[in-house]
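Structure first, commentary second.
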Amino acid sequence: QAQLVESGGGLVQPGESLRLSCAASGRTFSDKTMAWFRQAPGKEREFVAAISASSAISDSSDSVKGRFTISRDNAKNAVYLQMNSLTPEDTAVYYCASDCPGIWTGRRICSSWGQGTQVTVSS
């Protein structure tokens with residue numbers, strides 16, 4: 001399975017932006033659907049965004065639509081999450097996941113997961 005490493009998290013003020021990166025090592029995933037999830041303290045892990053292998057299809061949760069954008073660079077085996085207009089409600093650990101074949105029909109099982117990166121939005 002792929003080894004995924006997230007980066008780019010940190011502490012920002014409301015209204016600011018962050019760009020998260022997820023890099024794979026050990027294998028490529030250019031033919032795999034990729035996704036971002038997040039988990040806040042005391043909450044279940046929730047879906048954030050997903051993107052198809054060719055980038056032809058992408059989607060995001062209602063809570064982040066218009067603010068977050070998922071993208072990928074298959075040549076680098078990397079996926080990104082651009083987060084704009086951040087609010088305190090976006091505070092969570094963000095996880096990258098690869099090989100999520102049923103993501104478009106509501107399935108949340110993926111073959112590989114990263115360790116997570118902390119995003120904290122506070123004034």
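Worth knowing before you read on, the calculation uses all heavy atoms, side chains too, and leaves out hydrogens, waters and symmetry mates. Given the structure is predicted, the values throughout are model-derived calculations rather than measurements.
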Hydrophobic clustering (ILVMFWY, side-chain heavy atoms < 4.5 Å, transitive) - are Y95 and I103 grouped together?
yes
Will you find, in the side chains of S111 and D99, an N or O donor that is under 3.5 Å from an N or O acceptor?
yes
Tell me which donor-acceptor pairs under 3.5 Å the side chains of residues 12-24 have, and how far apart each pair is, sequence neighbours excluded?
from, atom 1, to, atom 2, distance (Å)
E16, OE1, Q13, N, 3.0
S17, OG, N84, OD1, 2.9

Distance col, row N77:CG vs S30:OG, nearest 0.5 angstrom, shows 6.5 Å
Is V121 reachable from V64 through a run of hydrophobic residues whose side-chain heavy atoms are each under 4.5 Å from the next?
yes
Taking atom CE of M83 and atom OH of Y94, what is their separation to the nearest 0.5 Å?
5.5 Å
Atom pair OG (S61) and CH2 (W36), whose distance is rounded to the nearest 0.5 Å
14.0 Å
Side-chain contact, heavy-atom cut-off 4.5 Å: T69 with L81?
no
For the residue pair F37 and W113, categorise the inter-ring angle as parallel (less than 30°), tilted (30 to 60°) or perpendicular (more than 60°).
tilted
All pairs passing side-chain hydrogen bond (donor to acceptor under 3.5 Å, both in side chains) where residues 114-123 contributes a residue, at least two apart
E6-Q115, Q118-T120
Between M34 and C96 the two heavy atoms that sit nearest each other are CE-SG, 3.9 Å
Please answer: with hydrophobic residues joined when any side-chain heavy atoms are less than 4.5 Å apart, are Y80 and I70 in the same cluster?
no
Which salt bridge (charged side-chain N to carboxylate O under 4.0 Å, His left out) pairs, counting each pair once, include a residue from residues 33-49, with sequence neighbours left out?
R38-E46, R38-D90
Using side-chain heavy atoms (C-beta onward) and a distance below 4.5 Å, is L4 in contact with S98?
yes
Would you say that V119 contacts T91 through its side chain, given a criterion of any heavy-atom pair below 4.5 Å between the two side chains?
no
Could you tell me the separation between the OG atom of S60 and the NZ atom of K65, rounded to the nearest 0.5 Å?
4.0 Å
Just verifying a value: how many Å separate N74 CG and S54 OG, rounded to the nearest 0.5 Å?
8.5 Å
Check: S52 side chain, I57 main-chain N or O, donor-acceptor pair, under 3.5 Å
yes
Do D59 side-chain atoms and W104 backbone N/O form a donor-acceptor pair below 3.5 Å?
no
